[in-house]
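Notes for the one structure printed next.
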Amino acid sequence: MTTTRNSGAASVRGGAAGTPRRAPAGTDRGSAPATASGAARRPRPTGRRRTVDAPVLSERALNRATLARQHLLTPAAPDTLGTADALSHLLGLQAQNVKPPYYGLAARIDGFDPGELSALMADRAAVRMVTLRSTVHTHTAADALALRPFAQGALDRELAAFRKGLVGVDLDRLTALSRELVETEPRTPAQLRAELRVHWPDADPLALTIAARCRLSLVQVTPRGLWRRSGRVALTTVEQWLGRAAEPAPVEEVVRRYLAAFGPASVKDMQTWAGVTRLRDAFERLRPALLTFRDARGTELFDLPDAPRPDEDTEAPPRLLPEYDNLLLSHADRTRLVPAEVKGLTWRGNHAYCVLMVDGLVAGVWKLEETGAAAVLTVEPFAPLTETQRAGVLAEGARLLGLLADPSADQDVRFGAVRHP
């Protein structure tokens, strides 16, 4: 497998001596360039500078910066990053299906034990619920309570899309009735829908359950989501499940955490990640404490001064990510990770594939099939790989099988046919 180098300084162009600058907050505020080690230097007053003067980060530099924060250049050692801490740092993992959060953590933590995430869920220290982009995520309990209110705008827009099916429905009454039903006993979506149809027989049945999901903070109770156990979806409120009320996080705190996990990034990038709008004001309030860059198209990017920005020539070994990994869904401009020629190749209709990353970019798909005594991981690249790349993919596949497959099963990593774009 290839090794990772990290010089600690991103490749940039423009600006004073090619260094990042502190984002301007007023006419008397200068720049704050970073040293080669990433530490900010105190600037001399130079007056207000326009965004166009900010140094440019190449797509490759952006790629390496984001991968470093995602622990995808070098998976973290389990004694330096625990499962709960990783889940918190990443602000959750998309979890439309049960396995993706486990696959996502295996890619990021060397020696990851799926039983640890499963235990967090069984102990109600982590939960599955609809949050960012109005999609199901696995969050720590603290983030479930903090991020669900933050993401309300995304759920409001989803509910608006179903308004035609809710004509004549009193949404306040529906919310109160749904709360009473699911807090009395966890209900499957079908059970909840049947109860609501008694009161609104002319409404769209799907719209009724969507309304309940968007108006209430609902979690999927265990055993749903447990490793190698799972079960059907059954819902109750997060307040009932965790025994405490939601504690909305300050928007500025969420901005900082987003940049720590996905930066450098634009305002529009974060809005894409969250599925909410009107975040510009929060970025402006934080501007004095942030650095700014530009991408190759001139878009203003914000970043934390002490966040990692490795040299763009830092090697990025192959990684195997689950379907709908947030790495690939958290920027309005995804060219730092998804080459134009492979855009749209990681899903077909409503089915998404697990994703192969080579040299930090989407380069193919993969699947893990476990049947009886065999566990086979099959990789289908979008283009022929070099011998070094093939060796790296085989090594990474073997590492993941060692973490995720039944240890008693025969484990094999194979290459399938090349899926030419």
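As the structure is a computational prediction, the values presented were derived from the model and not from experiment.
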*Leu159 to Ala211 - nearest heavy-atom pair and separation*: CD1-CA, 3.6 Å
*Quick one: closest heavy-atom pair of Ala212 and Leu218, and the distance?*
O-CD1, 3.9 Å
*Determine whether Arg297 and Thr335 make a side-chain contact, defined as any pair of heavy atoms from C-beta on separated by less than 4.5 Å.*
yes
*Please name the pair of heavy atoms, one in Ala95 and one in Thr138, separated by the smallest distance, quoted to 0.1 Å.*
CB-OG1, 3.4 Å
*Check whether any side-chain heavy atom of Tyr324 sits under 4.5 Å from a side-chain heavy atom of Thr135, and report yes or no.*
no
_Ser408: which residues meet the side chain to side chain donor-acceptor pair (under 3.5 Å) condition with it, sequence neighbours left out?_
Asp406
*Could you walk me through whether Leu91 and Asn326 pass side chain to side chain contact (heavy atoms under 4.5 Å, CB included), step by step?*
CA-CA 10 Å; Leu91 293 107; Asn326 276 345; over 6 Å; no
*Under the 3.5 angstrom rule, does the side chain of Thr80 hit a backbone N or O of Ala76 as a donor-acceptor pair?*
no
*pair Pro75-Arg399: side-chain heavy atoms closer than 4.5 Å*: yes
*Atom CG of Leu57 and atom CG of Asp295: how far apart are they, to the nearest 0.5 Å?*
8.5 Å
*Phe262 vs His331 aromatic rings, parallel, tilted or perpendicular, using cut-offs 30° and 60°?*
perpendicular
*Name all pairs fulfilling the salt bridge (charged side-chain N to carboxylate O under 4.0 Å, His left out) condition that reach into residues 124-143, sequence neighbours left out, sorted by first residue then second.*
Asp143-Arg257
Which atom pairs, donor and acceptor, lie under 3.5 Å between side-chain atoms of residues 244-256 and protein residues at least two apart or in another chain?
residue, atom, partner, partner atom, Å
Glu252, OE2, Arg285, NE, 2.4
Glu252, OE2, Arg285, NH2, 2.8

*asked:* Quick check for you: to the nearest 0.5 Å, what is the distance between Gln191 atom CD and Arg232 atom CZ?
replied: 5.0 Å
_Residue pair Ala234 / Pro186: nearest heavy atoms and the distance that separates them_ = CB-CB, 4.2 Å
_Matching residue for Ser217 among Arg179, Arg148, Gln152 - test: side-chain contact (heavy atoms from CB on, under 4.5 Å)_ = Arg148
*Kindly state each residue pair satisfying ring pair (Phe, Tyr, Trp, His ring centres under 6.0 Å) with at least one member in residues 54-85, sequence neighbours excluded.*
His71-His89
*Using a strict 4.0 Å threshold on nitrogen-to-oxygen distance, state whether Arg64 and Asp359 make a salt bridge.*
yes
*Could you check Met121 against Val127 for side chain to side chain contact (heavy atoms under 4.5 Å, CB included), going step by step and ending with a plain yes or no?*
CA-CA 6 Å; Met121 299 187 70; Val127 299; over 6 Å; no
*State the OG1-CD distance between Thr236 and Glu185, to the nearest 0.5 angstrom.*
10.0 Å
*Does Arg414 CZ have over 12 foreign heavy atoms under 6.0 Å away?*
no
*Who pairs with Phe382 by ring-ring contact (aromatic ring centres under 6.0 Å, His included), at least two apart in sequence or on another chain?*
none
*Would Leu345 and Val365 satisfy side chain to side chain contact (heavy atoms under 4.5 Å, CB included), going step by step from the backbone distance to the final call?*
CA-CA 9 Å; Leu345 297 183; Val365 298; over 6 Å; no
*Are a donor atom and an acceptor atom from the side chains of Thr237 and Glu183 found within less than 3.5 Å of each other?*
yes
*Would a distance-only check, ignoring hydrogens and angles, find a side-chain to backbone donor-acceptor pair under 3.5 Å from Arg69 to Arg309?*
no
*How far apart are the C-alpha atoms of Asp269 and Ser266, what are their side-chain angles, what is the distance that settles it, and do they pass the side-chain hydrogen bond (donor to acceptor under 3.5 Å, both in side chains) test?*
CA-CA 5 Å; Asp269 286 334; Ser266 69; 3.2 Å; yes
*Is any side-chain heavy atom of Val233 closer than 4.5 Å to a side-chain heavy atom of Pro189?*
yes
*Atom CD of Glu341 with >12 non-hydrogen neighbours under 6.0 angstrom*: yes
*asked:* To the closest 0.5 Å, what do you measure between OH (Tyr258) and CZ (Phe302)?
replied: 12.0 Å
*Within the side chain of Gln271, is there an N or O that forms a donor-acceptor pair under 3.5 Å with the backbone of Arg278?*
yes
*Could you tell me whether the side chain of Arg334 reaches within less than 4.5 Å of the side chain of Leu329, counting heavy atoms only?*
yes
*Salt-bridged, Lys99 to Glu323, with N to O below 4.0 Å?*
no
*Can Arg108 and Asp325 be counted as an ion pair, charged N to O under 4.0 angstrom?*
yes
*How many angstroms lie between CG in Leu320 and CG in Leu368, if you round to the nearest 0.5 Å?*
10.0 Å
*Side chains of Asp311 and Thr314, donor plus acceptor under 3.5 Å*: no
*Do you know which two heavy atoms are closest between Arg224 and Gln96, and how far apart they sit?*
NH2-O, 4.5 Å
*asked:* Within the supplied structure, the quantity of interest is the number of heavy atoms (other residues, nucleotides, ligands) at a distance under 6.0 Å from Arg229 CZ; does it exceed 12?
replied: no
*Is there a side-chain contact between Leu304 and Leu290 (heavy atoms, below 4.5 Å)?*
yes
*Is the closest side-chain heavy-atom distance between Leu117 and Leu105 below 4.5 Å?*
yes
*Do Gln70 and Arg319 pass the side chain to side chain contact (heavy atoms under 4.5 Å, CB included) test, and can you show the C-alpha distance, the side-chain angles, and the key distance before you say yes or no?*
CA-CA 12 Å; Gln70 291 279 314; Arg319 297 288 174 236; over 6 Å; no
*Do Thr66 and Arg336 have a side chain donor and acceptor closer than 3.5 Å?*
yes
*asked:* Parallel, tilted or perpendicular, judged at 30° and 60°: which one describes the rings of Tyr353 and His351?
replied: perpendicular
*What distance separates Glu116 CD from Leu87 CG, expressed to the nearest 0.5 Å?*
12.0 Å
*For Tyr102, all residues meeting ring-ring contact (aromatic ring centres under 6.0 Å, His included), sequence neighbours excluded*: Trp227
*Are Asp333 and Lys268 close enough for a salt bridge, meaning some N to O gap below 4.0 Å?*
no
*Measure the shortest side-chain to side-chain distance between Ser134 and Arg213 over non-hydrogen atoms and say whether it is less than 4.5 angstrom.*
yes
_Shortest non-hydrogen separation from Ala274 to Ala154 and the atoms involved_ = O-CB, 3.9 Å
